[in-house]
Chemist: 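Once you've had a glance at the structure underneath, I'll fire off some questions.
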There are 2 protein chains.
Amino acid sequence: METKPGKEKPLKYVMLAGIYNEPRSGYELTKWLQVVGQHCWSVEHSSVYPALRELEKEGLISSERLPGTRGPERSIYSVTDSGREKLTVWVANASPRPAIKDEQILRVLCFDLLPRETALRQIAEVRAHHQSQLEFFLARQAALTEKQLGPLLVTRRGVLAEQAYVAWCDEVSEIIARRPA
Amino acid sequence: METKPGKEKPLKYVMLAGIYNEPRSGYELTKWLQVVGQHCWSVEHSSVYPALRELEKEGLISSERLPGTRGPERSIYSVTDSGREKLTVWVANASPRPAIKDEQILRVLCFDLLPRETALRQIAEVRAHHQSQLEFFLARQAALTEKQLGPLLVTRRGVLAEQAYVAWCDEVSEIIARRPA
DNA sequence: AAGCACATGTAAATAGTTACATGATTCC
DNA sequence: GGAATCATGTAACTATTTACATGTGCTT
């Protein structure tokens, strides 16, 4: 047995996956988790740095100190051979069902509490947000080739998910609009 | 000032929305959050009961003790007038962006670590899960009329979200399949 | 009488955020 | 020299899960 046969924190594997995809600093990893990772696993930087230290202590990643091109020095992490092995085992496992927290859907559940105008305005704003996310993922998709299999598939997920959200907003608007006030 | 001008826990509003939608017991609310709430806000029962007590203490919901039709006695909660007012204010507010935790997308990011067969098998299982979720939401949709505006719109979200997930799984399969091993 | 679904609760542990803190470098 | 971005970190707090706990009533 190696220290503990128990389960490991998903966040560490999430980060390992991000670093495997491309060597990154903690800062870059945080940014990545906040933009690309928005539809899979978004966290704050305060969770990232301690996890990086754990991963390094376990020998799953290694760091290299580099002078920042535009900014101060940072540590760039790469996945070690041992990390790659652990990651491979993890990737082959089954995932728990996605966990989603989306208050907006619950607001829509209660839309009969609002005057029609208010509801329509709210959903229009939500639509605008997801439309701009969609455009972001479309732009990213256009910049990728089939060579970059993983990033391309993840980006496709972003595109499809945002398209579905925008389509739902449109349905909500339409149904609300043609309703008796 | 009423006790605290600070922000309130989202879970309480989520539950208030669920009870407003239909008076429910803690047990029923938990079930609802686990099935319908899967694409908006899923929690365990251990979070539900304490929050119910808080909501009742604040006078936002009231309980009625009823003998269970098939099972022991339970408390059915309804939204009070005061609760309805608070809920209305909340519904009119803007929502934070959805927070999603989905390990599967990150596994796909690393699919080049797996033999093609393994990856295809995994994604087929994931597809099957979302397909069955889709069928659940479609059945639910068929049972609703436009009278039940909120539940219908929430169910539509389930349908669209699961369709998008299934479509993504198909894309992943296709791209993996026609790749050099 | 055993097993299952109903029904509710608490305590300990974990995960994650918010707020606090610091400092470098670049651009205006 | 001030603002913005880069870059990293800690501490306190909050939210949520897991595990423990208990008991009812129906079905087989």
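Letters A, B, ... are given to chains in the order of the sequence lines, protein chains preceding strands, and every chain is numbered from 1. Keep in mind it's a predicted model, so treat the numbers as computed, not measured.
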Chemist: With sequence neighbours left out, write down each residue that passes side-chain contact (heavy atoms from CB on, under 4.5 Å) with A:Q148, or none if nothing qualifies.
Modeler: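 In terms of side-chain contact (heavy atoms from CB on, under 4.5 Å), with neighbours along the sequence ignored, A:Q148 is linked to A:L144, A:T145, A:P151.
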Chemist: Take the protein atom CD of A:E8 and the nucleotide atom P of C:dA15, then report the distance between them rounded to whole Å.
Modeler: 10 Å
Chemist: Within this structure, what is the CZ-to-P distance between A:R24 and D:dA7, rounded to whole angstrom?
Modeler: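 About 13 Å, once rounded to whole Å.
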Chemist: Enumerate the side-chain hydrogen bond (donor to acceptor under 3.5 Å, both in side chains) contacts for residues 153-178 of chain A, please, sequence neighbours excluded, ordered by first and then second residue.
Modeler: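 Qualifying pairs: A:D102-A:Y165, A:R127-A:D170, A:H130-A:E162, A:Q141-A:R156, A:R156-B:E171, A:E171-B:R156, A:E174-A:R178, A:R178-B:E146.
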Chemist: Treating primed atoms plus P, OP1 and OP2 as sugar-phosphate and everything else as base, which nucleotides of nucleotides 8-14 of chain D get B, S or - for protein heavy atoms under 4.0 Å?
Modeler: BBB----
Chemist: In whole Å, I'd like the distance from the CD1 atom of B:I100 to the P atom of C:dA15.
Modeler: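 Computing the B:I100:CD1 to C:dA15:P distance gives 21 Å.
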Chemist: So, using ring pair (Phe, Tyr, Trp, His ring centres under 6.0 Å) as the criterion, who are the partners of A:W32 when residues are at least two apart?
Modeler: none
Chemist: With a non-hydrogen cut-off below 4.0 angstrom, is A:K12 in contact with a base, only sugar-phosphate, or nothing?
Modeler: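 No contact.
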Chemist: Taking atom P of D:dT17 as reference, at what distance in whole Å does atom CG of A:L11 sit?
Modeler: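 Answer to the nearest Å: 17 Å.
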Chemist: B:P10: what forms a side-chain contact (heavy atoms from CB on, under 4.5 Å) with it, not counting sequence neighbours?
Modeler: A:E103, B:W41
Chemist: Write down the distance between CD (A:Q34) and P (C:dG16), rounded to a whole number of angstrom.
Modeler: 14 Å
Chemist: Name all residues meeting the side-chain contact (heavy atoms from CB on, under 4.5 Å) criterion together with A:Q34; count only those two or more places apart in sequence or in a different chain, and write none if there are none.
Modeler: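 side-chain contact (heavy atoms from CB on, under 4.5 Å) check on A:Q34 returns A:T30, A:S42, A:E44.
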Chemist: Mind listing the closest non-hydrogen atom pair of A:L134 and A:V159 along with its distance?
Modeler: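 Here A:L134 and A:V159 meet closest at CD1-O, 3.6 Å.
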Chemist: Which residues, ordered by chain and number, are linked to A:V89 in its hydrophobic cluster, where ILVMFWY side chains connect at heavy-atom gaps below 4.5 Å, directly or through other members?
Modeler: none
Chemist: How sharply is the helix from C:dA1-D:dT28 to C:dC28-D:dG1 bent, taking the axes over five pairs at either end and rounding to 10 degrees?
Modeler: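 Taking the rotation axis at each end, their angle is 30°.
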Chemist: Specify the residue among A:V43 and B:K31 whose closest nucleotide of DNA chain C lies further upstream toward the 5′ end.
Modeler: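 That would be B:K31.
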Chemist: Identify which nucleotide among D:dT17, D:dT16, C:dT17 has an atom closest to any side-chain atom of B:E44, counting heavy atoms from C-beta outward.
Modeler: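 Of the candidates, D:dT17 comes closest.
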Chemist: Can you see if the side chain of B:K101 gets near the phosphate of C:dG16 - specifically, an N or O under 4.0 Å from OP1 or OP2?
Modeler: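 For C:dG16, OP1 or OP2 has a side-chain N or O of B:K101 closer than 4.0 Å.
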Chemist: My understanding is that only residues two or more places apart in sequence, or in another chain, count here; which of them pass side chain to side chain donor-acceptor pair (under 3.5 Å) with B:Q122?
Modeler: B:Q104
Chemist: Whether the side chain of B:R74 engages the backbone of B:R65 through a donor-acceptor N/O pair (distance < 3.5 Å, no angle test) should be reported.
Modeler: no
Chemist: Rounded to whole angstroms, how far apart are CG on B:L66 and P on C:dC6?
Modeler: 17 Å
